[in-house]
There are 2 protein chains.
Amino acid sequence: MTAQIRLPLDQILVGDCIEQINKLPENSVDLVFADPPYNLQLQGELVRPNNSVVDAVDDHWDQFETFQAYDRFTHDWLRAVRRVLKDDGGLWVIGSYHNIFRVGAALQDLGFWILNDVIWRKTNPMPNFRGKRFTNAHETLIWCSKSEKSKRYTFNYDAMKAFNDDQQMRSDWLLPLCTGSERLKVDGRKAHPTQKPESLLARVLLSTSQPGDVVLDPFFGSGTTGAVAKKLGRRFIGIEREQDYAEIAMDRIARVKRIEDESLLKIESKRTEPRVPFGNIVERGMLRPGEVLFDQRKRWFAKVRPDGSLVSDAAKGSIHSVGAAVQGAPACNGWTFWHVDRGGNTVPIDVFRQQVRAEMRA
Amino acid sequence: MTAQIRLPLDQILVGDCIEQINKLPENSVDLVFADPPYNLQLQGELVRPNNSVVDAVDDHWDQFETFQAYDRFTHDWLRAVRRVLKDDGGLWVIGSYHNIFRVGAALQDLGFWILNDVIWRKTNPMPNFRGKRFTNAHETLIWCSKSEKSKRYTFNYDAMKAFNDDQQMRSDWLLPLCTGSERLKVDGRKAHPTQKPESLLARVLLSTSQPGDVVLDPFFGSGTTGAVAKKLGRRFIGIEREQDYAEIAMDRIARVKRIEDESLLKIESKRTEPRVPFGNIVERGMLRPGEVLFDQRKRWFAKVRPDGSLVSDAAKGSIHSVGAAVQGAPACNGWTFWHVDRGGNTVPIDVFRQQVRAEMRA
DNA sequence: CGCTGCCGTGAATCCCAAG
DNA sequence: GCTTGGGATTCACGGCAGC
């Protein structure tokens, strides 16, 4: 793709995030992960996105002013991101209750389409010291596509299901904070205040991107996105305002090793497997014309015809349409519905398709 | 308090919620629990893999033309609520990603002060039937005070800690949906599409109100708030637009008895071991991507992928499905089947799971 | 009476390539 | 744009029938 030639891949652009994003070509990025600042509302010092300090805090109007400023900032960087995101790309934003509601509303206002909100449940959150609230034990991520119309965003459903012991991955993820040796230190003190754990980014990239994809992080910070992207064979573009952080991140990423074995990264799903027409199964003699197929519980029967169609009392046609017809159902997957007798065992006809696919791969 | 004399306590006011709220005196309510329409914006019908159709929430009261219309609605009822809420009162709103970001932003704009966002993790959510997203397994509640200045809102810290096995109550709550005999039925069909479980309301009222407090629910629906309020010795004011729902709720509440011994509601400690997906083991670095697993007798081998799946000559997928595939068995417990070399010793991967569980208990 | 297996169902923004 | 049809897709419970 020609656009990719001009992309500053696997680099950190130092500067204002909107200015830097605007230098990138449109529709060029597969995935965005953003961890925007949300320290604009903490007690004591109140800082606007442009770094100017808000004077009075406890006045209603000022609060409103501050939210307005944050909303403007949020709209601006999201609009910039939206331009460079591919039409079927994905966007993640992480935040806490201080900012995530404003971010979510801005996303919807700009036409992004929310796919899930995901809860990062912390195994080891900071306790609430004063006993005035519930322990704030989670953060919220919003995952969205570029628009309602995008139906081909990347979601590695099968990989996530395998990860989770063959059950669908839920919208709540239990993960520890970034501590111990993973936590970057400078002179014994943490190098960045909000370094995210690599496990969190790994789950984001593994679920919603493919190897080789370009991942943009407009608030790069300590570079967790880049480190995990490199490890997992994705490309990254980082943007960071502070030179110090950019240097720390670049050092960190240089020490990361990419997983070399391609077979460990390649993603396959049933939806991307080649289509095998049922006729091929008959053609190859794996099923004989005239052979009788039946459902698991032997309630319905149909005969194989030489042209790869089925015929039953109720209907004739494809394995799917006849399966649907005998059940009186609106639809049916004939591959898993119909079975045949092989050596006294009842086997689904899907085994023949799997056999053909295995031969195609070899 | 004189204001309370005029309050329509333990009643349901039938009518538009804003009109009804406006009839109440200002600064008269201790707690508000609101379950507003979610603005789901559903498209077509959704069919389960078994061809049954999901009974979706497509009621007229959940339809809004635009986000702007929804925002206007939200601002209007929140402003009305704010007037009748005492200065040290509390407000809860529950929602999903469809609406909660807009609600949260509106709360902040109106001067409410967010104390926590609380995640209701569902033990038994509806799965994602088409494999296109993460299972939407939670809803979000926002708990806030009337303003930043309110420092005397009610939070029963010690009660919550006692209920939670002497650990601070976290911001993520694991609770089942409202099903079974608790679910109100009319002619065998659910009486209300979005009836909330009493356990959820119990936790809300026990944590942030006191016996005798007045609790207002402007979207009363099937009356869970009223039922639990009566049970726990709180007073309620319900507002509901639909006469049918109001009647169902009143009947329901009439059958409720007050509970004298609140210890009955103690959150039972989970005796069952927490589920640890295999992916967590890889995520935590206890197994490295590319590492080779084998069975006890080293007849079969598979490699660990970074996404927590395995790949062997024969198959790829979860530890369980690949274990089954290599043996030609219908099923397999991957935790005990697969082993790895650690310092010259062959250890089953289950030791890593036990290790994670031990950490989680600690 | 207890065990097993089948069936129903829950706030859901849920397919997609080929013609 | 459109239509058509192949075929991919579910977890935890409660209730109930059957044995």
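This structure is a prediction, so every number in the text was calculated from the model and none was measured. Numbered from 1 within each chain, the chains take letters A, B, ... in sequence-line order. Values below: every heavy atom of this structure, side chains too, minus hydrogens, waters and symmetry copies.
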Review point. Between A/Arg275 and C/dA18, is there a side-chain N or O to OP1/OP2 distance below 4.0 Å?
Key: no

Exercise for review: Would you kindly give the CG-to-C1' distance between A/Asp158 and C/dC15, to the nearest whole Å?
Suggested key: 14 Å

Exercise for review: Mind checking B/Pro36 for me? I need base, sugar-phosphate or nothing, with any heavy atom below 4.0 Å counting as a touch.
Suggested key: base

Practice item. Give a yes or no on whether B/Glu65 atom CD has more than 12 heavy-atom contacts from other residues, nucleotides or ligands under 6.0 Å away. Key: no

Review point. Under 4.0 angstrom, heavy atoms only, what part of the nucleic acid is A/Pro277 near: base, sugar-phosphate, or nothing?
Key: nothing

Check your understanding: Starting at CZ of A/Phe155 and ending at P of C/dC15, how long is that distance when rounded to a whole Å?
Key -> 13 Å

**Study point:** Qualifying residue, where the test is side-chain hydrogen bond (donor to acceptor under 3.5 Å, both in side chains) with A/Lys86 and the options are A/Asn27, A/Asp30, A/Asp213
**Key:** A/Asp30

Exercise for review: Looking at every strand, decide which applies to B/Asp55 at a 4.0 Å heavy-atom threshold: base, sugar-phosphate, or nothing.
Suggested key: sugar-phosphate

Exercise for review: Quick one: label A/Glu148 by what it contacts on the DNA or RNA (base, sugar-phosphate, nothing), any heavy atom closer than 4.0 Å.
Suggested key: nothing

Exercise for review: Using a heavy-atom cut-off of under 4.0 Å over every strand shown, decide if B/Asn136 touches base, sugar-phosphate, or nothing.
Suggested key: sugar-phosphate

Check your understanding: Which is true for B/Gly44 with a 4.0 Å heavy-atom rule: it touches a base, it touches only sugar-phosphate, or it touches nothing?
Key -> base

Exercise for review: Would you indicate what B/Lys196 reaches in the nucleic acid, counting non-hydrogen atoms under 4.0 angstrom: base, sugar-phosphate, or nothing?
Suggested key: base

Check your understanding: Short question: side chain of B/Asp187, backbone of B/Arg189 - any donor-acceptor pair under 3.5 Å?
Key -> no

Exercise for review: Identify whether any heavy atom of A/Arg170 sits under 4.0 Å from a base atom; if not, whether one sits that close to sugar-phosphate; answer base, sugar-phosphate or nothing.
Suggested key: nothing

Point to revise | Rounded interatomic separation in angstrom, taking CD from B/Gln195 and P from C/dG10 | key: 11 Å

